[in-house]
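The structure displayed is predicted, hence computed values, not measured ones. First the proteins, then the strands, lettered A, B, ... as listed; each starts at 1.
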Protein chains: 2
Amino acid sequence: MTNTDPTTESSTGRAPAAMARPTKQRLAVANVLSTFNDFRSAQEIHSLLDASGEKVGLATVYRTLQMLADSGEVDVLRTEDGEAAYRHCSDSHHHHLVCRSCGATVEVEGPTVERWTKAIAAEHGYADISHTLEIFGTCASCS
Amino acid sequence: MTNTDPTTESSTGRAPAAMARPTKQRLAVANVLSTFNDFRSAQEIHSLLDASGEKVGLATVYRTLQMLADSGEVDVLRTEDGEAAYRHCSDSHHHHLVCRSCGATVEVEGPTVERWTKAIAAEHGYADISHTLEIFGTCASCS
DNA sequence: CAGCAAGATGAGAACCGTTGTCAAATCCGT
DNA sequence: ACGGATTTGACAACGGTTCTCATCTTGCTG
Ligand SMILES: [Zn+2]
Ligand SMILES: [Zn+2]
Ligand SMILES: [Zn+2]
Ligand SMILES: [Zn+2]
């Protein structure tokens with residue numbers, strides 16, 4: 001929320017939501033991002049690029065990911081051990097139901113919990129709400 | 001999937017709530033934890049100990065915090081930039097509403113989200129449900 | 001098309017939170 | 001007090017992320 005970016009004052013006015021400059025590398029990153037639906041680490045994404053023949057420096061991958069995250073084009077989350085994981089921003093916000101023993105994951109969503117978090121937050125005077133939610137259990141075939 | 005826990009505890013039930021060994025250092029850490037209500041980083045906690053005269057090695061602080069977290073005596077969460085933050089925890093199941101800028105934390109709870117997670121999980125055939133949920137926002141005084 | 005300045009890139013170093021190492025200190029039951 | 005097991009702490013090592021900066025590219029102008 002703090003407006004700390006002095007570089008956005010182009011004479012032509014507000015920049016559109018498009019990528020600042022569609023360089024080969026940035027397109028490559030954006031491209032890999034569209035090949036998977038789960039969250040992957042920056043380094044993993046770098047490897048994917050490498051494996052697919054695209055040669056993009058690790059620093060550039062980080063920079064691009066950060067940039068896409070800032071512009072809201074990708075979702076970011078932190079793994080339990082502190083790594084950042086990225087995923088192309090899907091239109092539907094959802095959570096994960098993960099099997100504790102085999103890892104089987106189901107994507108779940110619903111307005112109930114979304115409403116609840118917003119309500120609770122508003123009730124306490126908090127604004128600009130976001131949340132993280134993971135559900136763990138034992139799946140049918142592991143019971 | 002990840003089978004990385006060799007310390008298989010007996011399936012007899014809940015872990016005992018007692019601290020393994022109440023050494024001077026562990027008590028000191030547990031003590032500082034009771035002096036604040038928001039989430040603090042391990043290093044911050046180490047500084048607090050230092051400032052209060054208690055000399056506890058950084059490694060020990062990390063170890064103790066980890067241990068308390070594992071035994072459920074403290075809450076842990078990851079800040080946006082990947083650092084772990086700790087806070088003394090009340091015994092009842094609850095979630096946190098955390099201010100993104102000043103860290104002010106409110107414990108929240110309610111049957112709604114509990115019911116929702118159980119229902120969703122059951123709907124997908126998952127049993128023995130648990131969940132993690134954190135809500136982030138900007139508190140009233142930081143707006 | 002040549003020239004140019006702002007912007008982007010990448011190899012590697014720097015950073016920083018966290019974890020590992022291991023000798024020395026401490027604890028505890030006997 | 002004794003001896004074995006546990007814990008501690010200074011410091012090294014690690015891994016993810018960011019910084020640095022010399023070297024390209026890009027987009028544009030004339
Ligand atoms: Zn399973
Ligand atoms: Zn949600
Ligand atoms: Zn809950
Ligand atoms: Zn605040």
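T105(B) pairs by the side chain to side chain donor-acceptor pair (under 3.5 Å) definition with nothing, not counting sequence neighbours. Partners of C89(B) according to the side chain to side chain contact (heavy atoms under 4.5 Å, CB included) rule, which considers only residues two or more places apart in sequence or in another chain, are D75(B), H94(B). Partners of A122(B) under the side chain to side chain contact (heavy atoms under 4.5 Å, CB included) rule, at least two apart in sequence or in another chain, do not exist in this structure.
A straight line from CG of L27(A) to C1' of dA8(C) spans 13 Å, rounded to a whole angstrom. Rounded to whole Å, atom P of dC11(D) lies 13 Å from atom NE2 of H46(B). Rounded to whole angstrom, the span from the CD atom of Q25(A) across to the C1' atom of dG7(C) amounts to 12 Å. Between E80(A) atom CD and dT19(C) atom P there is a gap of 12 Å when expressed in whole angstrom units.
Of the charged side-chain nitrogens involved, none lies within less than 4.0 Å of a carboxylate oxygen, so that K55(B) and D50(B) do not count as a salt-bridged pair.
Other residues sharing the hydrophobic cluster of F39(A), ordered by chain and number and joined by side-chain separations under 4.5 Å: L77(A). Y62(B) belongs to a hydrophobic cluster whose remaining members, ordered by chain and number, are L58(B); membership requires side-chain heavy atoms of ILVMFWY residues under 4.5 Å apart, directly or through intermediates.
In this structure, the nucleotide among dT7(D), dG10(C), dG9(D) sitting nearest to the side chain of T60(A) is dG10(C).
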Between the protein and nucleotides 17-26 of chain D, list every N/O to N/O distance that falls short of 3.5 Å.
| unit_1 | atom_1 | unit_2 | atom_2 | d |
| --- | --- | --- | --- | --- |
| dT17(D) | OP1 | A84(A) | N | 2.8 |
| dT17(D) | OP2 | Y62(A) | OH | 2.5 |
| dT17(D) | O5' | Y62(A) | OH | 3.4 |
| dT18(D) | OP1 | Q66(A) | NE2 | 2.9 |
| dT18(D) | OP2 | Q66(A) | NE2 | 3.0 |
| dT26(D) | O4' | R21(A) | NH1 | 3.4 |

